[in-house]
Amino acid sequence: MDIKKELGEGAVFPVGEKNDAFTQYFIGQSYLNMLTTQGVGIGNVTFEPGCRNNWHIHHKGGQILLVTGGRGYYQEWGKPAQELKPGDVVNIPPEIKHWHGAAPDSWFQHLAIEVPAEGSSNEWLEPVSPEEYSKLK
């Protein structure tokens, strides 16, 4: 399967290696290509169809997602999931419990930008339940 073809023309950054360091925080296979770790961390994250990360919280700094390929979702705790497509931007404030990942039938890719802040950290929580995820199209 040609991942770049599946993601579309917006997928300009290489997919990267299997995201083995964070496997415990994902359902399904993801790939990570850190574009830079100097000043502002920017990672190109690619999700196979159906892959999503666990609920999590960015303490103090927050995160920005720039969608570059495929189709996916972003959901904040207590709110409906939002469909994401190339060109979408998600500004995630600090202290918001959320998850993001691929649609069940599509590859998905975004740039994840860590908003710098003194004492920032990520708190990984429970997986998105299969029942909740199965409601998505």
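Residues satisfying the salt bridge (Lys or Arg N to Asp or Glu O under 4.0 Å) criterion with Glu95, sequence neighbours excluded, are absent altogether. Applying the side chain to side chain donor-acceptor pair (under 3.5 Å) test to Lys60 and every residue at least two apart in sequence or in another chain returns nothing. Checked against side chain to side chain donor-acceptor pair (under 3.5 Å), Tyr73 has the following partners two or more places apart in sequence or in another chain: Arg71. Residues that satisfy the salt bridge (Lys or Arg N to Asp or Glu O under 4.0 Å) test with Lys137, not counting sequence neighbours, are absent from this structure. Residues satisfying the salt bridge (Lys or Arg N to Asp or Glu O under 4.0 Å) criterion with Glu131, sequence neighbours excluded, are absent altogether.
Across all their heavy atoms, Trp77 and Glu126 have their closest contact at CZ3-OE2, 3.7 Å. Gly50 and Ala102 get closest at one heavy-atom pair: N-CB, 3.9 Å. Here the closest heavy-atom approach between residue Leu136 and residue Pro104 is recorded as O-CG, 3.9 Å. Here the closest non-hydrogen pair linking Phe26 and Cys51 is CD2-SG, 3.9 Å. Contact record, Asn54 with Pro127: OD1-CA, 3.4 Å, taken as the closest heavy-atom pair. Pro86 and Gly69 get closest at one heavy-atom pair: CG-CA, 3.8 Å.
Note on residues 39-50: pairs passing side chain to side chain donor-acceptor pair (under 3.5 Å), not counting sequence neighbours, are Tyr31-Glu48, Thr46-Gln109. Within the structure, every pair that satisfies the side chain to side chain donor-acceptor pair (under 3.5 Å) test and touches residues 15-25, not counting sequence neighbours, is listed here: Asn19-Ser30. Contacts classified as salt bridge (Lys or Arg N to Asp or Glu O under 4.0 Å) and involving residues 85-94 (residues at least two apart or in different chains) are given here: Lys85-Asp88. Applying the salt bridge (Lys or Arg N to Asp or Glu O under 4.0 Å) test to every pair with at least one member in residues 28-37, sequence neighbours left out, gives no pairs at all.
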Trace of the side chain to side chain contact (heavy atoms under 4.5 Å, CB included) decision for Gln75 with Glu132: CA-CA 11 Å; Gln75 184 175 15; Glu132 188 69 25; 3.7 Å; yes
Apply side chain to side chain contact (heavy atoms under 4.5 Å, CB included) to the pair Thr36 and Met34, showing each step before the final yes or no. CA-CA 6 Å; Thr36 183; Met34 287 306 296; over 6 Å; no
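Counting heavy atoms from C-beta outward, Leu111 and Leu35 have side chains that approach closer than 4.5 Å. Between Val12 and Thr68 there is no side-chain heavy-atom pair separated by less than 4.5 Å. Here the side chains of Tyr74 and Ile92 are in contact, with some heavy-atom distance below 4.5 Å. For the pair Ile57 and Leu125, the minimum side-chain heavy-atom distance is below 4.5 Å. Proximity of Glu76 to Gln82: side-chain heavy atoms (C-beta onward) are nowhere separated by under 4.5 Å. A heavy-atom distance below 4.5 Å is found between the side chains of Val128 and Trp55. Taking the side chain as every heavy atom from C-beta outward, Val45 and Phe108 never approach each other to under 4.5 Å.
Cluster membership check: Phe13 shares its hydrophobic cluster with Ile64, using side-chain heavy-atom separations under 4.5 Å among Ile, Leu, Val, Met, Phe, Trp and Tyr. Hydrophobic clustering (ILVMFWY, side-chain heavy atoms < 4.5 Å, transitive): Ile42 and Phe22 are in distinct clusters. Hydrophobic clustering, with ILVMFWY side chains joined whenever heavy atoms are under 4.5 angstrom apart, keeps Trp107 apart from Leu65.
Here the NE2-CH2 distance, from His56 to Trp124, works out to 4.5 Å after rounding to the nearest 0.5 Å.
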Tell me which donor-acceptor pairs under 3.5 Å the side chains of residues 112-123 have, and how far apart each pair is, sequence neighbours excluded?
residue	atom	partner	partner atom	Å
Ser120	OG	Ala117	O	3.3
Asn122	OD1	His58	ND1	2.6
Glu123	OE1	His59	NE2	2.8

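Classification of the His100-Phe47 ring pair by plane angle, with boundaries at 30° and 60°, yields perpendicular.
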